[in-house]
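Counting convention: from 1, in listed order, for ligands and their atoms alike. Only heavy atoms go into these numbers, but all of them, side chains included; no hydrogens, no water, no symmetry mates.
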Amino acid sequence: MKLQSKSTTIFLFWYLIYIYASVLEASNDSDGGFELEKKEEHHVKISDFPTGFFFGAATSAYQVEGAYLEDAKSLSNWDTFCHSIGCGENGENGDIADFHYHLFLKDIEIMHSLGLKAYRFSISWARILPRGKCGEVNPAGIMFYNKIIDNLILKGIEPFVTIHHFDFPQELEDKYESWLNHEMQEDFVHLADICFKYFGDRVKYWTTFNEPNLFTDFAYMWGVYPPARCSKPFGNCRTGNSDVDPLIVMHNIVLAHGKTAKLYYQKYKLEQGGSIGIVVNCLMFVPLTNSKLDVEATQRAFAFYIGRVLDPLIYGDYPQEMHEYLGNQLPNFSIHEKYILKNSIDFIGINHYSSIYTKDCTNSTCSPTANRAIQGFLDIVAMRDGILIGESTGIEDFYVVPKGIEEIVNEIKFRYKNKPMFITENGYSSPDLHEKRVNVILNDTKRVKFHQEYLEFLAKSIRDGADVRGYFVWSLMDNYEWLSGYSVKFGLYYVDRETQTRIPKLSAIWYKNFLLNKTYPINVRAYA
Ligand code: BGC
């Protein structure tokens with residue numbers, strides 16, 4: 001780790017300890033010790049949610065673990081990608097990230113002190129099976145996740161484990177082009193088998209994949225995630241076919257899920273009693289106008305983006321709209337595969353951040369990338385009549401639209417007959433990416449407001465009958481945000497990159513109070 005000069009480091013260290021101590025002291029006071037705004041406002045409370053509802057926070061392996069080559073871990077696709085092109089503004093990567101591989105016990109302490117009931121994290125495939133199914137299981141990798149799981153349970157925190165959150169051993173890419181090859185299905189099932197075998201006695205909530213819809217598009221259509229494959233007009237990659245590859249990749253992922261679920265149901269479920277789901281990136285699509293064409297384009301957007309993953313796993317095939325628009329380009333499932341896929345999830349993981357307007361392209365002018373079958377001949381836009389759909393955030397295409405969470409939950413509830421749902425990610429990042437003043441970052445009133453408002457709308461959907469069983473803040477702490485490196489921050493905790501000290505932001509204090517069923521005014525400043 002790059003360290004500053006000794007005296008600056010010592011100063012910074014004591015400064016951070018001072019801030020940390022004052023916040024802890026303040027958060028223990030009955031009024032929080034801050035300048036509370038004494039205005040009576042209604043705020044969502046934990047008592048607005050059903051008993052047993054899981055409130056938690058989430059992270060993923062590459063984004064927090066670091067230790068990228070320790071204890072026999074192999075290089076992952078993301079290690080290789082970021083080392084070659086340099087991800088993030090300053091060529092950053094996840095080599096060190098939040099050093100969670102070494103600080104996980106402290107992080108579990110933090111979760112406990114917040115009162116979290118659940119923690120969602122992912123497994124680094126390259127740590128457990130450095131060479132995929134052709135190599136040995138790495139005992140150090142197994143031990144690491146065993147320690148995490150045991151310590152979570154000791155603190156009464158339910159582990160929610162994602163098996164694949166974008167990263168896998170680079171060797172699988174080099175050997176047979178990973179997800180473009182059906183061999184990857186067997187490799188994935190082997191990984192899942194190892195996870196169930198070693199962790200399944202204690203892990204009761206499994207998700208196979210995180211956001212296969214976002215992952216396939218970013219990696220194989222736009223070519224911005226590894227293995228960076230695409231073709232024009234989507235991008236200028238060395239190789240790839242943006243109109244075809246995403247369909248092949250999704251087909252392999254969906255089948256890998258189906259086979260994994262079958263394995264779990266046949267070999268493990270009876271004894272272990274857990275459940276299995278998948279996590280989908282769920283933008284809420286809103287018609288740009290109320291014309292019939294835009295309304296139909298909005299339905300197509302759901303089918304092409306969300307239904308593409310969920311329809312096969314619940315109904316056994318891709319949505320009818322995809323068949324209609326893609327014809328023979330869409331890979332087929334055999335009767336046997338459809339049988340395996342149908343009803344292969346116990347719950348749906350919803351990652352929801354934003355809503356976006358949808359516009360038809362069959363009858364109006366659109367960008368060359370939108371006006372294509374692979375995109376369902378539709379475009380997404382953020383403005384209507386010159387007004388943004390919601391306040392901007394640190395991520396392009398993510399806007400603050402609190403009502404969207406109620407709308408997306410209701411749509412999913414309707415389409416999938418109220419299958420149990422978890423909000424597996426929801427979070428806010430400030431658009432001010434260059435803000436360096438720690439006290440400003442810590443006073444994250446906008447993040448508090450974001451969570452309060454989204455939770456209010458979530459509570460409403462639950463009151464109206466939606467079977468939502470949990471909510472995970474993305475993220476427990478600031479971490480490595482893929483192409484944005486460390487400048488985009490989603491955490492409840494600020495992480496000092498030099499010392500790896502975790503400091504609670506105002507949002508962490510709010511979450512802690514919320515979990516204690518205490519209201520906490522939005523406009524409170526925690527830090528001078
Ligand atoms: C991903 C996370 C990511 C978050 C914020 C989700 O798409 O699952 O890994 O950090 O969004 O961009």
(Q) I'd like to know if Glu65 pairs up with Lys73 as an ion pair, taking the criterion as any Lys NZ or Arg NE/NH1/NH2 lying under 4.0 Å from an Asp or Glu carboxylate oxygen. (A) no
Q: Say whether Tyr480 and Asp98, considering side chains only, have a donor N or O and an acceptor N or O under 3.5 Å apart.
A: no
Q | Under 3.5 Å side-chain donor-acceptor pair for Thr207 and Thr162 | A | yes
Q: Note the single closest protein heavy atom to atom 12 (O) of ligand 1, along with its residue, its atom name and the distance in Å.
A: Glu481 OE2, 2.7 Å
Q: Among all protein heavy atoms, pick the one closest to atom 1 (C) of ligand 1 and tell me residue, atom and distance.
A: Glu425 OE1, 3.4 Å
Q) How far is atom 4 (C) of ligand 1 from its nearest protein heavy atom, and which residue and atom is that? A) Tyr353 OH, 3.3 Å
**Q.** Shortest protein contact, atom 7 (O) of ligand 1 (heavy atom only)
**A.** Glu211 OE1, 2.5 Å
Q) For ligand 1, which atoms, with element, lie under 4.0 Å from some heavy atom of His165? A) 1 (C), 2 (C), 8 (O), 9 (O)
Q.
Checking contacts here: is it the side chain or the backbone of Asn479 that comes within 4.0 Å of ligand 1, counting heavy atoms only? Could be both or neither.
A. neither
Q) Judging by distance only, is a nitrogen or oxygen of Gln63 under 3.5 angstrom from one on ligand 1? A) yes
Q | NZ/NE/NH1/NH2 to OD/OE distance under 4.0 Å, Lys106 and Glu109 | A | no
**Q.** Under 4.0 Å to a heavy atom of Asn351 - the qualifying atoms of ligand 1, by number
**A.** 8 (O)
(Q) In terms of relative ring orientation, are His164 and Trp179 parallel, tilted or perpendicular, with 30° and 60° separating the classes? (A) perpendicular
Q: Cation-pi check, Arg120 to Phe422: give yes when NZ or CZ is under 6.0 Å from the six-membered ring centre and within 45° of the ring axis, no otherwise.
A: no
